[in-house]
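Below is one structure, written out as structure tokens; the observations come after it.
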Amino acid sequence: KSGAVKQIVDMLTEKGQTYEKDGAIWFKASDFGDDQDRVLVRANGIPTYFVPDIAYHYNKLVTRGFDKAIDILGADHHGYIARMKAALTALGVDASKLDIVIMQMVMLIRDGKPCKLSKRSGKAITLTTLHDEVPIDAARFVFNQRNADTHLEFDLDLAVEESSKNPVFYVQYAHARICSVIRKQADEGVKYEGGAVSYTEPAEFALIRKIAEMPEMINTAAKDYDPSALTRYSYELAQAFHKFYDSCPIKDADADVKQSRLALCEAARTTLRNVLSLLKVEAPERM
């Protein structure tokens with residue numbers, strides 16, 4: 001309705017980057033690195049889906065002036081990269097401003113076997129349908145467990161299992177356990193007062209080192225467009241806390257040791273909650 005699609009065709013034509021063949025309007029994509037030229041407007045006058053896609057990216061990068069556009073596409077759309085970058089280059093736009101993340105396929109597993117799905121037979125499962133079976137926290141966590149170029153097996157049974165085998169349950173339970181430790185000590189009138197701390201146990205140092213990794217982990221995840229770094233880190237942090245909890249008692253420790261370990265619990269809780277918040281996954285205080 002805005003006329004943006006026609007405008008793109010007109011702009012490419014004015015730049016001498018189109019030609020007519022068999023009644024259709026073609027873009028000279030091969031002049032800009034694509035493996036072949038592409039149809040912009042069919043012989044019947046209807047634009048191909050490629051044209052509104054060009055218009056969208058032009059609008060984002062030029063009209064609205066964004067520094068970066070990130071597309072997330074399925075593995076069967078790999079050929080889209082060269083043609084879109086060719087179109088942007090032909091329009092005088094820096095094609096390096098467009099980054100494309102190619103996502104591999106997801107296989108749903110039930111009862112240890114792949115669910116047989118077919119788009120043609122109408123048996124594809126939408127996210128809305130999946131959410132009827134799997135809590136949104138579990139879905140978000142599981143889908144982000146693998147980086148984009150890795151095939152994902154989504155175990156429907158495991159995603160709803162309340163055990164340490166379920167990674168999202170394991171991580172959320174760690175947060176709830178930390179909250180429980182701090183809450184129980186507070187009920188007994190003991191809180192971390194902000195004084196000096198001292199550590200001697202390997203499990204304490206391991207947890208401290210894992211907490212300290214968070215800033216660099218987030219920077220790397222952002223740079224690589226890899227949210228799976230956050231799920232891996234949250235799981236490793238939960239592991240480090242569980243080991244600390246099992247080997248470094250707090251309740252019966254001396255006052256100075258208790259203060260130091262409560263400080264470490266506070267730091268672990270804050271870190272784990274922050275990472276889960278980036279994933280939009282709840283950090284429950286009780287489970």
Problem set entry | R38 bridged to D34 by N-O distance under 4.0 Å | yes

Exercise. Around K113, counting heavy atoms of other residues, nucleotides and ligands shown, do more than 12 lie under 6.0 Å from its NZ?
Worked result: no

For this session: Please tell me if the side chains of I25 and V39 come closer than 4.5 Å, counting only heavy atoms from C-beta onward.
Result: no

Problem set entry | Over-ring placement of R177 relative to F241, 6.0 Å and 45° cut-offs | no

Exercise. Are R110 and E133 close enough for a salt bridge, meaning some N to O gap below 4.0 Å?
Worked result: yes

Problem set entry | Within-4.5 Å side-chain heavy-atom neighbours: S228 and R146 | no

Exercise. Regarding T150 and N147, is there a side-chain donor-to-acceptor distance under 3.5 Å anywhere?
Worked result: yes

For this session: Give the minimum heavy-atom separation between A4 and A55, together with the two atoms involved.
Result: O-CB, 3.9 Å

For this session: Provide the closest heavy-atom pair for G33 versus A82 in the form atom of the first, atom of the second, distance.
Result: O-CB, 4.4 Å

For this session: Compare all side-chain heavy atoms of I81 with those of I102 and state whether any distance is below 4.5 angstrom.
Result: yes

Exercise. Hey, what do you get for CZ (R209) to CD1 (I211), rounding to the nearest 0.5 Å?
Worked result: 11.5 Å

Problem set entry | More than 12 heavy atoms from other groups under 6.0 Å of CZ on R64 | yes

For this session: For the residue pair F50 and F27, categorise the inter-ring angle as parallel (less than 30°), tilted (30 to 60°) or perpendicular (more than 60°).
Result: tilted

For this session: Run the salt-bridge test on K97 and D67 with the 4.0 Å N-O cut-off and return the result as yes or no.
Result: no

For this session: Would you name the heavy atoms of P135 and A159 that are closest together and state the gap between them?
Result: CD-O, 4.5 Å

For this session: List the atom of K191, the atom of Q259, and the distance in Å for their closest heavy-atom pair.
Result: O-NE2, 2.6 Å

Problem set entry | Y199 and F205 aromatic ring geometry - parallel, tilted or perpendicular at 30°/60° bounds | perpendicular

Exercise. Same cluster or not: are V197 and L264 linked, directly or through other Ile, Leu, Val, Met, Phe, Trp or Tyr residues, by side-chain heavy atoms under 4.5 angstrom apart?
Worked result: yes

Exercise. Just wondering, are more than 12 heavy atoms of other shown residues or ligands nearer than 6.0 Å to CD in Q36?
Worked result: yes

Exercise. If you group Ile, Leu, Val, Met, Phe, Trp and Tyr by side-chain heavy-atom gaps below 4.5 Å, do L88 and F32 land in one group?
Worked result: yes

For this session: Could you tell me whether the side chain of N166 and the main chain of V168 form a donor-acceptor pair under 3.5 Å?
Result: yes

For this session: Assess whether side chain to side chain contact (heavy atoms under 4.5 Å, CB included) is satisfied between I109 and L158, documenting all intermediate values.
Result: CA-CA 9 Å; I109 305 293; L158 183 60; over 6 Å; no

Exercise. In terms of hydrophobic clustering (I, L, V, M, F, W, Y; side-chain heavy atoms under 4.5 Å; direct or indirect links), are F141 and F154 co-clustered?
Worked result: no

Exercise. Would a 4.5 Å heavy-atom cut-off, applied to side chains only, mark M103 and V101 as touching?
Worked result: yes

For this session: Would you check if there is a donor-acceptor pair between the side chains of T18 and T13 at a distance under 3.5 Å?
Result: yes

For this session: Find out whether L279 and R140 are in side-chain contact, i.e. whether some heavy atom of one side chain is under 4.5 Å from a heavy atom of the other.
Result: no

For this session: Output, in order, the C-alpha distance, side-chain angles, deciding distance and verdict of side chain to side chain contact (heavy atoms under 4.5 Å, CB included) for N274 and I218.
Result: CA-CA 11 Å; N274 286 343; I218 292 175; over 6 Å; no

Exercise. Which value, rounded to the nearest 0.5 Å, describes the distance between Y225 atom OH and I100 atom CD1?
Worked result: 11.0 Å

Exercise. Between D71 and H77, does any side-chain donor sit less than 3.5 Å from a side-chain acceptor?
Worked result: no

Exercise. Is it true that V257 and Y245 fall in one hydrophobic cluster, defined by side-chain heavy atoms closer than 4.5 Å?
Worked result: no

For this session: Tell me, yes or no, whether the heavy-atom count around M287 atom CE, taken from other residues, nucleotides or ligands under 6.0 Å, exceeds 12.
Result: yes

Exercise. Between Y80 and D53, is any pair of side-chain heavy atoms under 4.5 Å apart?
Worked result: yes

For this session: Check C179 against E285 and note the closest heavy-atom contact, atom names and distance.
Result: CB-O, 3.6 Å

Exercise. Any side-chain donor-acceptor pair under 3.5 Å between Q172 and D137?
Worked result: yes

For this session: Evaluate the side-chain proximity of Y58 to T63: yes if any heavy-atom separation is below 4.5 Å, no if none is.
Result: yes

Problem set entry | Reported CE-to-NZ distance for the pair M11 and K6, which is rounded to 0.5 angstrom | 12.5 Å

Seminar exercise, completed: Separation between CG (N144) and OG1 (T231), nearest 0.5 Å, reads 6.0 Å

For this session: Could you tell me whether D224 atom CG has more than 12 heavy atoms of other residues or ligands within 6.0 Å of it?
Result: yes

For this session: Scan side-chain atoms only and decide if D37 and S30 contain a donor-acceptor pair under the 3.5 Å cut-off.
Result: yes

Exercise. Within a reach of under 6.0 Å around NZ of K28, are more than 12 heavy atoms found that belong to other residues, nucleotides or ligands?
Worked result: yes

For this session: Give the minimum heavy-atom separation between A139 and V134, together with the two atoms involved.
Result: N-CG1, 3.8 Å

Exercise. Does L262 belong to the same Ile/Leu/Val/Met/Phe/Trp/Tyr cluster as I208, with side-chain heavy atoms less than 4.5 Å apart forming each link?
Worked result: yes

For this session: For the pair D254 and K258, find out whether any cationic side-chain nitrogen is under 4.0 Å from an anionic carboxylate oxygen.
Result: no

Problem set entry | Distance flag, aromatic centroids of Y173 and Y170, threshold under 6.0 Å | no

For this session: Kindly compute the distance separating CG (D256) from OG (S198), expressed to the nearest 0.5 Å.
Result: 8.5 Å

